[in-house]
Amino acid sequence: MSEVNVQLKDGPAAQVPASVTVGEALKQLDRDAAKQALAARVNGHEVDLARPLSALEANGGGAPIEIEPVLPATREGLEVLRHSTAHLLAAAVLDLFPGTKLGIGPALLDDPRYGFFYDMIAPRMLTDEDLPVIEKRMRDIAKRNLSYRREEISKAEALRIFAERDEPLKCQLIEDKGGATVSVYYIDNSPFIDFCLGPHVPNTNRLKAFKLLSLSGAYWMGDATQPQMQRIYGTAFFTPEELDAWLKQRQEAERRDHRRLGRELDLFSIQEQYGQGLIFWHPKGAIIRKQMEDYLYEELIRRNYSLVYTPHIARRELWQLSGHEQNYGDSMFAPTKLEETEFRLKPMNCPFHIGIYKSQQRSYRDLPQRYGEMGTVYRAELSGTLHGLMRVRGFTVDDAHLFCTPAQIRKEISDCVDFVVEVLKTFGFEKVKFELSVKGNETNKNYLGSEADWAKAETALAEVLNEHGVAYERIEGEGAFYGPKIDFKVEDAIGRLWQLGTVQWDFNLPERFELEYIAEDGRAHRPVMVHRALFGSIERFFGVLIEHYAGAFPLWLSPVQVAVLPITDRVNEYAERVAAELRAVGLRADVNLRSEKIGAKIRDAQLQKIPFMLVLGDREVEEDKVAVRERTQGDMGTMTLEEFKQMALALVRSRALTNT
RNA sequence: GCCGAUGUAGCUCAGGGGUAGAGCGUUUCCUUGGUAAGGAAAAGGUCCUGGGUUCAAAUCCCAGCAUCGGCUCCA
């Protein structure tokens, strides 16, 4: 019998019969690893443990076959586990609902919300009540310790098998993706078979900690014109402890939901009777917004922007000239007519800023022109997409448009990225995802601008990001049709990514509006235009901010900065005087005169996440001092009111993120 | 817009074919206290809206609206 040399990666070697499986070979090399392994990498390729070595390509020159276990607690291990659990889910559904047509069922590793899903079309619509039943069946199947069995068959054979089982979606996948031979996976003694590359765990009893999470619709191939399938989401871990910890963390995260905190802290509301997706900023939310805007205005002026204000509606022809009506008309509110003239609400501010640019002839000496505005826009978002402050129909963009010469644009973009980084730092965002979105090769997007334009712009954007030491992901096909852009996104409490600001290069509007400046040569030239937003939508930024701080804002943003808490009503007057003095220097102070014990007043202030409390009793009046309690540090002892004011004002002025 | 779920007091939620429930909050009274809940009483409801079934609907059925989780979209 022929023998082959095998070697554990970075480990011992051995000689084994060529007929053994990968798992058996691994056992010879490392008994412990073989026990734990979910799959293995053989010469760098992930395969099942049950694959015979003879079926895998031998190395030339007698070099040993390299085997590496795919272990739990690794990304690859988790992927195998979750992917196998998705198969188990499909097996359970097929068992319970014969005739179900399978779509796709991948593992999800980078989505903090879910671990896997399977898309399918069941003979009847599934409901939430089916999930526990399906989950139970999954457990039953898992306990039967059934094997995941791989087979390699010809494409024609695979098509025949899946056609026979009336799996049209699988047939389409095989047609689209399959080579001459394809691999299929069975779960033995179950009705399940899938067109799949693998690898998978050897058998179902490796799946011990999984949970189905939710049911939703999903379009086949992600295309809204295709039939809608049902998607079941779930997650899986190696141990029940890991699963429990994850579920618990998820619950914690839900407590940080900005919609919940918005209500509890009285920051904002959305009122059904006034309209979906329209935000009411309550006094406490509004004062935070004011701080955000003040900060930004300060920076705009410091960075030599010009502030502008523009209208909320404009003649329809403007949106036709700008191209918004043609390209985004579906998301614009319908026109409204006045004395034979049609107007439309603005979905963007750019045409207005262009109007200001065009209001006079521009010389190269006037450039760059940087127009900044908190511009409120309205977009007809589909009802199903609305989400708290994150996705709304009316919002305010901290919008700016830069008009410059080609020679200036590199510097302008660099300054924009610098600005972005500064803003994110000021608000304490550390985990930010930057994306460089560039042209793709889709045919449905009618890209403007030459290849050379795109290449030049992309290079400039990439270089600027590198210069600022910003890690980014390059995404093809995500660029706007009119130019490449830098987007940045942050996560909400449960890990959904939301886009905040953007820096976009525009090849389109300067052409459409025939923008010009007179250059040194005395002739008219076309300026370059950049769109730039930092918060993006102030509403969305606020929503993300609420979740980021779980409502416990830094002092400078806190709606109430100081809660003045008299212990007895003998000191109410002193408390009022202290609050008045705080307000006189610009600190936001509230006095709690309720007939409650000090513990209750402190509790109220803590729950409202007020940064500082001043506890005032007879002793403080006597000494003319205040007893300071900080939100997280607790009792800080007494000091004079003057000392407290200086401390608080210093924290506010520096926009400190913590009070230590 | 599409698929699924949900809609009961200001908030969080229980209940359920025949007087509408709790906790928190609110108001009033008592209490004047030293670093996360003092006591008592009261007020507070179109049980989302509209239709249907029924002697009787908040409860069952249908439709609509809104919200939630996704999908699609996202300048």
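Quick note on labels: first sequence line is chain A, next is B, and so on, each numbered from 1.
Rounded to whole Å, the distance from CG on A:Asp635 to P on B:U35 is 9 Å. Atom-to-atom, NE2 of A:His282 to P of B:G10 comes out at 15 Å; the value is rounded to the nearest Å. Following rounding to the nearest Å, A:Leu593 (CG) and B:U32 (C1') show an atom-to-atom distance of 13 Å. Between A:Leu261 atom CG and B:U12 atom P the separation is 12 Å, expressed in whole Å. Note: CD (A:Glu129) to P (B:G69) measures 20 Å, nearest angstrom. Regarding A:Ile270, its CD1 atom lies at a distance of 12 Å from the C1' atom of B:A66, rounded to whole Å. A:Leu614 places its CG atom 19 Å from the P atom of B:G34, with the value rounded to the nearest Å. Between the CG atom of A:Asp130 and the C1' atom of B:A5 there is a distance of 12 Å, rounded to whole Å.
Residue contacts shown for A:Gln633 are absent, as no nucleic acid heavy atom lies under 4.0 Å away. Nucleic acid contact for A:Gln230: sugar-phosphate only, since backbone atoms but no base atoms lie under 4.0 Å from a heavy atom of the residue. Backbone-only engagement by A:Leu126 is indicated by non-hydrogen atom pairs under 4.0 Å involving sugar-phosphate atoms exclusively. Across all strands, A:Met125 comes closer than 4.0 Å only to sugar-phosphate atoms, never to a base (heavy-atom distances). The residue A:Ala605 sits apart from the nucleic acid: no heavy atom pair falls under 4.0 Å. Contact annotation for A:Arg259: backbone-only contact, meaning every heavy-atom pair under 4.0 Å involves sugar-phosphate atoms and none involves a base. No engagement by A:Asp604 is indicated, since no non-hydrogen atom pair under 4.0 Å with the nucleic acid exists. Looking at heavy-atom distances under 4.0 Å, A:Asp128 makes contact with sugar-phosphate atoms alone, never a base.
Base pairing analysis places B:U53 opposite nothing; no Watson-Crick or G-U wobble pair with both distances below 3.5 Å involves it. Remark: B:A14 base-pairs with no nucleotide in the shown strands. Criterion, Watson-Crick or G-U wobble with two distances under 3.5 Å. Look at B:U19: it lacks any Watson-Crick or wobble partner with both distances under 3.5 angstrom. Across all strands shown, B:U35 forms no Watson-Crick or G-U wobble pair with both distances under 3.5 Å. Under the Watson-Crick or G-U wobble criterion, with both distances below 3.5 Å, B:U26 is paired with B:A42. When both pairing distances are held under 3.5 Å, B:G69 makes a Watson-Crick or G-U pair with B:C3.
Proximity of the aromatic rings of A:Phe434 and A:Tyr472 is defined here by a centroid distance below 6.0 angstrom, and this criterion is not met. Taking the six-membered ring wherever Trp is involved, the centroid distance between the rings of A:Tyr482 and A:Phe507 does not fall below 6.0 Å.
Nearest-nucleotide positions on RNA chain B for A:Asp257 and A:Glu596 put A:Glu596 closer to the 5' end. The nearest heavy atom of RNA chain B to A:Arg594 and to A:Arg603 marks one nucleotide each, and the one closer to the 5' end goes with A:Arg594.
Comparing B:A37 with B:A43, their P atoms are spaced 29 Å from each other, to the whole Å. B:U12 and B:C73: their C1' atoms are spaced 34 Å apart (whole Å). If you take atom P in B:C47 and the same atom in B:A58, they sit 7 Å apart, rounded to whole Å. Atom name C1', nucleotides B:G17 and B:C13: the rounded distance is 23 Å, in whole Å. For the P atoms, the distance linking B:G7 with B:A14 amounts to 8 Å, nearest Å. One P atom belongs to B:A20, the other to B:C61, and the distance between them is 22 Å to the nearest Å. B:U59 and B:A75 have their P atoms separated by 44 Å, with the value rounded to a whole Å. Distance noted for atom P between B:G45 and B:A9: 10 Å (whole Å).
Comment: A:Lys489 engages A:Glu435 in a salt bridge, judged by a side-chain N to carboxylate O separation of less than 4.0 angstrom. For A:Glu381 and A:Arg379, the salt-bridge test fails: no basic side-chain N is under 4.0 Å from an acidic carboxylate O. Between A:Glu412 and A:Arg370 there is a salt bridge, with a side-chain nitrogen of the basic residue lying less than 4.0 Å from a carboxylate oxygen of the acidic one. Looking at A:Arg594 and A:Asp604, a side-chain N of the basic residue comes within less than 4.0 Å of a carboxylate O on the acidic one, giving a salt bridge. Using a cut-off of 4.0 Å between Lys/Arg side-chain N and Asp/Glu carboxylate O, A:Glu325 and A:Arg316 are scored as salt-bridged.
The side chain of A:Ser595 sits closest to B:C30 out of B:A37, B:C30, B:C65.
At a cut-off of 3.5 angstrom, counting only N and O atoms as typed in the model, there is no donor on one side facing an acceptor on the other between the side-chain of A:Glu264 and the base of B:G25. Interface remark: the A:Arg629 side chain does form a donor-acceptor pair with the B:U35 base, using a distance-only criterion of under 3.5 Å.
Taking 4.0 angstrom as the limit, A:Arg263 places a side-chain polar atom (N or O) nearer than this to OP1 or OP2 of B:U12.
Relative ring orientation between A:Phe535 and A:Phe541 is described as tilted, the plane-to-plane angle lying within the 30° to 60° band.
The side chain to side chain donor-acceptor pair (under 3.5 Å) search around A:Glu511 returns A:Arg526, not counting sequence neighbours.
B:U19 has its base syn relative to the sugar, with a glycosidic angle deviating from 0 by at most 90°.
Remark: of the listed residues A:Arg255, A:Arg260, A:Arg259, A:Arg259 is the sole one forming a salt bridge (Lys or Arg N to Asp or Glu O under 4.0 Å) with A:Asp257.
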Exercise for review: Report, as a single string ordered 5' to 3', how protein heavy atoms within less than 4.0 Å touch nucleotides 70-75 of chain B: B base, S sugar-phosphate only, - not at all.
Suggested key: BBBBBB
